Structures are given as C-alpha cells and as structure tokens.
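Notes to accompany the following structure.
Nothing here was measured: the structure is a model prediction, and the numbers come from that model. Positions are given from 1, in the same order as the sequence printed here.
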Amino acid sequence: MTQSSSQVLAFEHVGITVADLDRTTSFFCDVLGFEPTRRSHTHGDAAHHVTGVAGADIQHAFLVAGDLEVELLAYQSPDRRADGVPGPETPGSMHLALRVDDLARIIDRAAAYGWTPPGEPHLMTAGPRAGSRMSYLRDEHGATLELVQGGPQ
C-alpha cells in the first residue's frame with residue numbers, strides 16, 4: 001500500500017435508496033429519533049452525471065441525528081436497470097459519502113483498484129450543496145462511494 005497525498009477530510013452522509021420516501025422518513029424520525037432537515041429533487045444532468053443512471057429523477061429527504069446525516073433517495077425513474085444488475089436506483093442500495101480534498105486525484109488513483117465513476121464529476125450550481133463538485137465511484141460488484149469536494153461544509 002502506498003500513502004496518498006489526497007485524503008478524506010470528513011464523513012459526509014450515508015445514502016439509502018428507498019421505495020417509499022414518506023414512509024421511510026417517518027420510520028427514521030418516529031422510531032429512530034432523526035430530525036428532517038430538508039427535501040430536494042435532482043434530475044437531468046446533475047442526477048445522471050453523479051450517479052451514472054440515465055434518466056435519473058430522484059426525490060431526496062435529508063435527516064440528522066447528532067453528527068450523522070442520512071440521505072434517503074427515492075428514484076422516480078428509471079424503474080429498474082434493464083440488465084438486472086442492482087444499481088444506485090435499486091431500493092436497498094446504500095452509499096457512503098466522504099468529503100475529500102482532491103476529487104480528480106482520488107478518481108485517478110481509484111481506477112487501479114477497480115473503482116470508477118459511472119459518469120462525470122458534476123459541479124452543483126444551486127441548492128444547499130452549490131459549489132460542491134461530486135461524483136460516485138463504483139467497483140465491479142456495485143459498492144458505491146460518493147465523493148464531495150468543496151462547497152458548504
């Protein structure tokens with residue numbers, strides 16, 4: 001193993017894809033004690049470039065408990081992947097999001113380990129993460145990380 005000059009700066013959030021956003025939000029709040037912080041909607045280039053899912057249309061609910069943020073994602077489309085391989089749009093899939101200092105360098109180094117972005121890194125221009133550059137990284141088995149550089153912290 002070699003030491004990388006790029007590094008993870010902080011835990012960002014855990015994302016969980018769910019089938020029913022309202023029901024799952026209620027569960028996290030009523031049973032687990034999370035507090036809702038915001039809802040958002042991502043579609044078009046932002047959704048496609050970050051997740052690699054063509055035609056992605058995603059409703060999000062963000063919840064917090066202490067220092068832990070959970071992002072619940074409900075894909076409005078597409079329904080399922082045509083190839084049958086579970087992806088980020090499949091209910092039950094999860095991703096770990098990390099705040100990083102050098103997104104491009106980490107993406108370059110990750111390729112040697114079989115982790116590749118499914119799309120292109122995307123600069124968020126609106127909303128609470130405006131100014132952040134984001135990308136998913138996936139391995140050949142479907143494990144997913146989201147990397148976030150810059151923007152509000």
Side-chain angles (χ1 to χ4, degrees), residues 4-78 80-81 86-107 109-110 113 115-139 141-153:
S4 170
S5 61
S6 298
Q7 60 184 321
V8 171
L9 301 175
F11 168 81
E12 179 71 24
H13 65 268
V14 172
I16 304 170
T17 301
V18 301
D20 186 326
L21 188 62
D22 292 331
R23 184 166 190 244
T24 307
T25 298
S26 293
F27 166 77
F28 269 79
C29 294
D30 298 344
V31 176
L32 301 175
F34 279 76
E35 293 290 328
T37 58
R38 68 184 185 283
R39 286 199 177 221
S40 64
H41 178 222
T42 307
H43 57 92
D45 285 345
H48 180 224
H49 288 308
V50 172
T51 67
V53 177
D57 184 342
I58 313 163
Q59 294 290 332
H60 310 261
F62 292 86
L63 316 169
V64 296
D67 291 336
L68 177 63
E69 182 176 48
V70 171
E71 174 190 17
L72 302 176
L73 304 96
Y75 281 74
Q76 307 306 294
S77 67
R80 299 285 184 266
R81 289 176 59 127
E89 73 282 10
T90 306
S93 68
M94 297 185 187
H95 72 267
L96 172 66
L98 301 169
R99 185 162 292 282
V100 300
D101 66 344
D102 190 339
L103 179 62
R105 181 168 166 77
I106 290 173
I107 289 172
R109 293 179 58 85
Y113 296 88
W115 289 77
T116 59
E120 297 292 325
H122 183 77
L123 178 64
M124 300 303 289
T125 58
R129 289 207 166 94
S132 299
R133 184 165 295 283
M134 302 163 64
S135 180
Y136 274 13
L137 278 182
R138 298 192 75 207
D139 75 0
H141 304 292
T144 304
L145 291 175
E146 180 179 7
L147 304 178
V148 179
Q149 178 183 335
Q153 297 185 31

Roughly how far, to the nearest 0.5 Å, is the OG1 atom of Thr17 from the NE2 atom of His60?
10.0 Å
So do the side chains of His43 and Gln76 get within less than 4.5 Å of each other, counting heavy atoms only?
no
In Å, rounded to the nearest 0.5 Å, how long is the span from CZ of Arg99 to CG of Leu147?
11.0 Å
Quick one, Ile16 and Phe28 - any side-chain contact, counting heavy atoms below 4.5 Å?
yes
Would you mind listing every salt bridge (charged side-chain N to carboxylate O under 4.0 Å, His left out) that reaches into residues 27-44, with sequence neighbours excluded?
Asp22-Arg39, Arg38-Glu69
With heavy-atom distances below 4.5 Å as the criterion, would you say the side chains of Phe11 and Asp67 are in contact?
no
Determine whether Asp57 and His41 make a side-chain contact, defined as any pair of heavy atoms from C-beta on separated by less than 4.5 Å.
yes
Heavy-atom closest contact (Gly151 atom, Ser132 atom, distance):
CA-OG, 3.5 Å
d(Glu120 CD, Leu123 CG) to nearest 0.5 Å is 13.5 Å
What I'd like to find out is whether the side chain of Glu12 reaches to under 4.5 Å of the side chain of Met134, using heavy atoms alone.
no
What's the spacing between Leu21 CG and Tyr75 OH if we round to 0.5 Å?
12.5 Å
How far apart are the closest heavy atoms of Arg138 and Pro88, and which atoms are they?
NH1-CD, 3.6 Å
Go through the structure and list residues passing ring-ring contact (aromatic ring centres under 6.0 Å, His included) with His95, not counting sequence neighbours.
His13, Tyr136
Kindly list each side-chain donor-acceptor pair under 3.5 angstrom involving residues 44-55, sequence neighbours excluded, with atom names and distances?
residue	atom	partner	partner atom	Å
Thr51	OG1	Ala47	O	2.7
Thr51	OG1	Val53	N	3.1

For Thr37 versus Leu63, what's the shortest heavy-atom pair and its separation?
OG1-N, 4.2 Å
What is the distance from atom CZ of Phe34 to atom CZ of Phe27, rounded to the nearest 0.5 Å?
9.5 Å
Quick check: do Leu137 and Ile107 have side-chain heavy atoms less than 4.5 Å from each other?
yes
